[in-house]
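Below: the structure, in structure tokens.
Read the numbers this way: they start at 1 and go in the same order the structure lists the ligands and their atoms. Since the structure is predicted, the reported quantities are computational estimates derived from the model, not experimental observations.
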Amino acid sequence: MAGLLEGHVAAVTGGGSGIGQGICQAYAREGARVIVLDINLDGAKETIGLIEAAGGAASAIALDVTDREACKAAAAEIGRGGKISILVNNAGINRRNPITGEAAAVARDWDDILSINLDGMFNVTQAFLDQLRATRGRIVNIGSIQSFVHVSWPNSAAYTTSKHGVLGFTRALAAELGKDGVRVNAIGPGLIETRINAEARARNPEMVAMVMRHTPLGRPGKPADIAGPAVFLASDMSAYVTGSIIMADGGFRTI
Ligand code: NAI
């Protein structure tokens, strides 16, 4: 049976770990050729290994999404081998210092988080825009529960701000690019067990318990829990879906 993404070329930022790695594997399983874009080339190579071991096709480019010129260069290099039709803006970081913390550290967190989570998404999207318009492509942005609320376990204002921004960017682009046949959607993961929160989970078991009391499905998520919605949003199954956010959060926002 043909995969849902047969014939597609997908670029996934932050594809060398966690949620991005899970999405890369799922896209390859569905027949897409996957390009892993990550600042951590070792992680990207790990993803390629997993995909190739399963019979899929993947390559990688080391990319810092905060470097606008490097994003343009990567897009040009990829375009010479075939235009992408799927872009997943997934690269992200978090730090959990309160706004009342040491001023210089909080300002540094603000700059780093906004430049990766938000400016990075802009840089990569703009770099691939021509290719996505030419292929009537699909963009999937990774938001969060914190695209809507601030989850204090603890967390930073910068992260919540960046993820609210992801939702705004998703809606604005969906509105602008619909006429080109480009669909733009987001996914809002709940607590997914990855490196981004490994230390916080280990240090703060009572906070994990708090999040679980808020999670009707009663367990943290895995990267595979995000891969399904990501395949749906990249495939023709979601042909009439744009400007939406699919929450994959175990039901967090119902309570
Ligand atoms: P992760 O830490 O496992 O993966 C993040 C990836 O982004 C890494 O491979 C890292 O090398 C890459 N990256 C970081 N800075 C980069 C840069 N400047 N340029 C290119 N790549 C860069 O974390 P996870 O959980 O897989 O995070 C993926 C996305 O999911 C992030 O946007 C995160 O905010 C979001 N998210 C995660 C949740 C969770 O509970 N794990 C919940 C909601 C959203």
Quick one: does [X]'s side chain have a donor or acceptor within less than 3.5 Å of a partner on [Y]'s backbone?
| X | Y | value |
| --- | --- | --- |
| E30 | E6 | no |
| T13 | A91 | yes |
| T194 | I196 | yes |
| D225 | K222 | yes |

Can you report which non-hydrogen protein atom sits closest to [atom], along with the distance?
| atom | value |
| --- | --- |
| atom 5 (C) of ligand 1 | G92 O, 3.8 Å |
| atom 44 (C) of ligand 1 | G143 O, 3.2 Å |
| atom 23 (O) of ligand 1 | I196 CB, 3.4 Å |
| atom 7 (O) of ligand 1 | G14 CA, 3.5 Å |
| atom 20 (C) of ligand 1 | L63 O, 3.1 Å |
| atom 34 (O) of ligand 1 | Y159 OH, 2.6 Å |
| atom 26 (O) of ligand 1 | I19 N, 2.8 Å |
| atom 19 (N) of ligand 1 | V65 N, 3.0 Å |

Numbered atoms and elements of ligand 1 in range of [X], under 4.0 angstrom, heavy atoms:
| X | value |
| --- | --- |
| L191 | 40 (O) |
| N197 | 39 (C), 40 (O), 41 (N) |
| G18 | 3 (O), 26 (O) |
| N90 | 28 (C), 29 (C), 30 (O), 31 (C), 32 (O) |

Judged by modelled atom types alone, do [X] and [Y] share a side-chain donor-acceptor pair under 3.5 Å?
| X | Y | result |
| --- | --- | --- |
| R183 | S238 | yes |
| T125 | N89 | yes |
| S156 | N97 | no |

Sub-4.0 Å heavy-atom contact, T13 with ligand 1: no
Q21 and ligand 1 - part of the residue with a heavy-atom distance under 4.0 Å: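 No part of Q21 comes within reach of ligand 1.
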Could you tell me whether N94 approaches ligand 1 through its side chain, its backbone, both or neither, with non-hydrogen atoms closer than 4.0 Å? neither
Heavy-atom proximity to [atom], best of [options]:
| atom | options | result |
| --- | --- | --- |
| atom 13 (N) of ligand 1 | D249, N117, I39 | I39 |
| atom 30 (O) of ligand 1 | I142, D119, I116 | I142 |
| atom 38 (C) of ligand 1 | G190, A62, G20, S144 | G190 |
| atom 18 (N) of ligand 1 | D38, D42, D64 | D64 |

If you measure every N or O of [X] against every N or O of ligand 1, does any of those distances drop under 3.5 Å?
| X | value |
| --- | --- |
| N40 | no |
| P189 | no |
| I192 | yes |
| T194 | yes |

Residues which pass ring-ring contact (aromatic ring centres under 6.0 Å, His included) with F169, listed by chain and number, not counting sequence neighbours: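 By the ring-ring contact (aromatic ring centres under 6.0 Å, His included) rule, F169 matches no residue at all.
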Checking R133, R136, R138 against D180 for salt bridge (charged side-chain N to carboxylate O under 4.0 Å, His left out), the one that qualifies is R133
As a test of understanding, state which of N197, N155, T160 forms a side chain to side chain donor-acceptor pair (under 3.5 Å) with N94. N155
Following the transitive rule for hydrophobic clusters with a side-chain heavy-atom cut-off under 4.5 Å over Ile, Leu, Val, Met, Phe, Trp and Tyr, establish whether [X] and [Y] coincide in one cluster.
| X | Y | answer |
| --- | --- | --- |
| V166 | I116 | yes |
| I86 | I142 | yes |
| V184 | V231 | no |

Is it possible for you to check whether R95 lies under 6.0 Å from the centre of the six-membered ring of Y159, through NZ or CZ, and within 45° of that ring's axis?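 Output no; distance or angle outside limits.
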